[in-house]
Protein chains: 2
Amino acid sequence: MANHRKAETTRERIIESARSLFAENGYQKTTVMDISKAAGLSEAALYDHFRGKEDLLLTIPDLWVAELLEGLDEQMFGLQGAFVKLRKYLWWNLRRVEHSPLDAKLVYMFLKHNASFMDTEVYGNVKKLYAYLINIFEEGKASGEIKPDMDSYAARSIFIGTMDYMITRWLLKDMSYPLLESMEDVFELLVAAFASKEYLAAQDNWRKTRLASGAAQTGGEG
Amino acid sequence: MANHRKAETTRERIIESARSLFAENGYQKTTVMDISKAAGLSEAALYDHFRGKEDLLLTIPDLWVAELLEGLDEQMFGLQGAFVKLRKYLWWNLRRVEHSPLDAKLVYMFLKHNASFMDTEVYGNVKKLYAYLINIFEEGKASGEIKPDMDSYAARSIFIGTMDYMITRWLLKDMSYPLLESMEDVFELLVAAFASKEYLAAQDNWRKTRLASGAAQTGGEG
DNA sequence: CCTGCAGCCTAATGTCATTAAGTTGAAAGC
DNA sequence: GCTTTCAACTTAATGACATTAGGCTGCAGG
């Protein structure tokens with residue numbers, strides 16, 4: 001399945017052309033001829049590599065999400081603490097989006113809101129991404145960081161919803177501002193939503209201590 | 001502009017047909033012939049009433065959002081308290097979605113994630129809907145219900161993101177469960193995210209008092 | 001040398017959205 | 001009452017695309 005020589009190259013060339021054309025002009029306004037021309041092919045030749053235009057639309061995000069998921073495993077390795085992980089989860093997603101906005105655009109603008117999305121292969125990986133969060137929440141409840149009676153699915157709706165919204169908005173606004181801009185504020189509110197009383201109290205305490213003991217620097221890093 | 005007799009009826013008949021066909025089969029898969037046939041017309045006649053297929057797509061949500069906004073003003077009248085208003089805001093939106101899911105589908109699945117959405121007329125009304133929230137947050141900060149240092153825009157991202165996510169998910173799942181199902185849990189988490197320490201303490205206190213004084217019923221109403 | 005077939009190509013073919021160019025029937029002017 | 005006008009329709013085009021048909025071509029394996 002991944003053993004052709006030239007075929008591999010042509011296939012990739014098609015994907016590359018489609019990627020930028022879709023992201024730039026949208027799915028509908030991109031014609032098969034545009035794509036095949038950009039890839040240096042005739043229209044018909046494209047059909048030897050893909051079942052059709054829609055197949056092409058689905059292939060690209062498929063690759064992207066698979067990569068995102070794979071990277072996530074690696075990023076999470078060795079981390080401890082629900083909020084440390086949640087933060088990493090959010091930042092990693094956003095970094096991937098910022099790094100390849102063209103693919104992100106396909107996922108967020110065309111795929112995720114498509115009626116047949118839930119029947120695609122990509123959805124399997126997206127479900128895995130979602131499942132990750134439930135684990136983190138449950139772990140946090142067990143460790144006492146998170147409210148013990150919190151509904152993890154409700155929390156996930158908030159987390160994913162917020163993240164998706166910020167990404168979609170950024171893409172709609174043509175990436176005209178840094179994606180991470182207001183993320184720190186947003187994350188802080190999310191922590192407040194999920195955290196147990198004890199965690200919030202400890203956090204508060206720590207802040208006071210640090211303030212009292214000396215130099216209070218501007219940021220909130222660390 | 002709105003004074004033809006039969007024309008008005010035909011126009012409405014077209015809108016009605018388009019509404020259900022778009023929502024059922026999606027924008028792309030619905031043909032102009034489908035719509036005009038359903039409205040009892042020839043294809044060409046439709047062009048005497050609308051500039052084209054896309055014009056039709058934009059007209060429907062335009063009406064819906066305008067209505068939503070108008071209703072909101074009325075619903076908000078006389079309410080006091082940031083969280084009372086936020087709750088009403090959320091519930092009113094969801095009720096409208098549940099009441100006319102076909103229109104909601106157009107807004108959430110086709111329009112909001114469309115690159116040219118921000119150039120449409122509908123966007124003007126959507127912005128008004130968003131502005132409402134900022135006012136509520138600011139009011140809450142002034143009254144002490146909400147954290148005084150909260151970034152209202154960050155809060156809005158969370159609120160809107162969550163709401164949109166829950167709606168989109170419900171629509172994608174073909175409205176197969178009650179939209180309001182887990183809303184109570186979600187709203188409670190949102191309150192925790194935004195509320196000031198004092199508000200949370202008071203809320204907590206009230207609960208304890210109620211528990212101590214007698215009958216602890218199941219729900220969380222009131 | 002054949003054979004098979006992957007990778008291309010140049011036309012069809014078929015499905016739409018959108019226009020062109022007329023009908024028709026009824027209100028408006030005389 | 002007769003013509004003019006015009007809105008609301010109609011039946012063909014027209015043109016843009018996606019997708020197929022059917023055929024070359026060059027090279028790997030016998």
Side-chain angles (χ1 to χ4, degrees), chain A residues 1-61 106 110-111 114-116 119-120, chain B residues 1-62 106 109-111 114-116 119-120:
Chain A
M1 211 168 185
N3 231 349
H4 321 279
R5 269 149 305 189
K6 275 184 188 171
E8 199 72 0
T9 316
T10 302
R11 192 184 153 87
E12 277 167 12
R13 208 147 24 89
I14 295 173
I15 289 180
E16 210 46 54
S17 307
R19 192 203 300 275
S20 62
L21 286 167
F22 281 157
E24 184 143 351
N25 310 318
Y27 176 69
Q28 296 187 54
K29 287 188 183 168
T30 302
T31 71
V32 172
M33 210 187 73
D34 291 340
I35 299 170
S36 39
K37 231 175 203 165
L41 285 171
S42 72
E43 289 170 79
L46 190 145
Y47 287 85
D48 282 345
H49 296 274
F50 294 93
R51 247 170 302 137
K53 197 182 171 187
E54 195 169 336
D55 184 25
L56 206 40
L57 175 66
L58 295 180
T59 300
I60 299 168
L106 289 185
F110 299 100
L111 198 64
N114 186 310
S116 55
D119 307 329
T120 64
Chain B
M1 212 170 186
N3 230 349
H4 322 279
R5 268 150 304 190
K6 275 184 188 173
E8 199 71 1
T9 316
T10 303
R11 192 183 153 87
E12 277 166 13
R13 209 149 20 92
I14 295 172
I15 290 181
E16 209 47 54
S17 307
R19 191 203 300 273
S20 62
L21 285 167
F22 281 155
E24 184 144 352
N25 310 317
Y27 175 69
Q28 297 187 54
K29 288 190 183 168
T30 301
T31 71
V32 172
M33 211 187 74
D34 291 341
I35 299 170
S36 40
K37 231 175 204 166
L41 286 171
S42 72
E43 288 171 78
L46 189 145
Y47 288 85
D48 282 345
H49 296 273
F50 294 93
R51 247 170 303 137
K53 196 182 170 187
E54 195 169 335
D55 184 25
L56 206 40
L57 175 66
L58 294 180
T59 300
I60 299 168
D62 200 15
L106 288 185
M109 312 281 276
F110 300 101
L111 197 65
N114 186 311
S116 55
D119 307 328
T120 64

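Quantities reported herein were computed from a predicted structural model and do not represent experimental measurements. All chains are named by letter (A, B, ...) in the order of the sequence lines, taking the proteins before the strands, and each is independently numbered beginning at 1.
- The A:Y47 side chain lies nearest to D:dT19 when the options are D:dT19, C:dT18, C:dA20.
- Between the NZ atom of B:K53 and the C1' atom of C:dT19 there is a distance of 17 Å, given to the nearest Å.
- Dashed line: the shortest gap from a side-chain N or O of A:T30 to OP1 or OP2 of D:dC17 is not under 4.0 Å.
- C:dC16 atom P lies 8 Å from atom CG of B:D34, rounded to whole Å.
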* To do: Before giving the answer on side chain to side chain contact (heavy atoms under 4.5 Å, CB included), spell out for A:Y47 and A:K53 the whole-Å C-alpha distance, their side-chain angles and the decisive distance to 0.1 Å.
  => CA-CA 9 Å; A:Y47 287 85; A:K53 197 182 171 187; 5.5 Å; no

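- At whole-Å resolution of the value, CD in B:E43 and P in D:dT14 are 16 Å apart.
- Here the nucleotide nearest the side chain of B:A45, chosen from D:dC9, D:dA21, C:dA17, is D:dC9.
- Counting to the nearest Å, the P atom of D:dT20 and the CZ atom of A:R51 are 11 Å from each other.
- We find that CD1 of B:I35 is positioned 12 Å from P of C:dC16, with the value rounded to whole Å.
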* To do: Could you walk me through whether B:Y27 and B:L106 pass side chain to side chain contact (heavy atoms under 4.5 Å, CB included), step by step?
  => CA-CA 8 Å; B:Y27 175 69; B:L106 288 185; over 6 Å; no

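- Here D:dT19 presents its C1' atom at 14 Å from CD of A:E54, a figure rounded to the nearest Å.
- One atom, CG of B:L46, and another, P of D:dT10, lie 11 Å apart when rounded to the nearest Å.
- Heavy-atom distances to DNA chain D give each of A:M33 and A:D48 a nearest nucleotide, and the one nearer the 5′ end belongs to A:M33.
- Among the nucleotides C:dA20, C:dA17, D:dT20, the one closest to any side-chain atom of A:A44 is D:dT20.
- Within the 4.0 angstrom heavy-atom criterion, base atoms lie near B:S42.
- Atom-to-atom distance recorded for A:T30:OG1 and A:N25:CG is 4.5 Å, nearest 0.5 angstrom.
- With C:dA17, D:dA18, C:dG7 as the choices, the nucleotide that has an atom nearest any side-chain atom of B:T31 turns out to be C:dA17.
- Within the 4.0 Å cut-off from OP1 or OP2 of D:dC9, at least one side-chain nitrogen or oxygen of B:H49 is found.
- Taking CG of A:L46 as the start and CZ of A:R13 as the end, the distance is 11.0 Å to the nearest 0.5 Å.
- Between the side chain of B:D62 and the backbone N or O of B:T59 there is no donor-acceptor pair closer than 3.5 Å.
- Closest to the B:L41 side chain, of the nucleotides C:dC8, D:dC9, D:dA18, is D:dC9.
- Proximity of B:T10 to the phosphate of D:dC9: a side-chain N or O atom is located under 4.0 Å from OP1 or OP2.
- The CG atom of A:L57 sits 18 Å away from the P atom of D:dC17 (whole-angstrom rounding).
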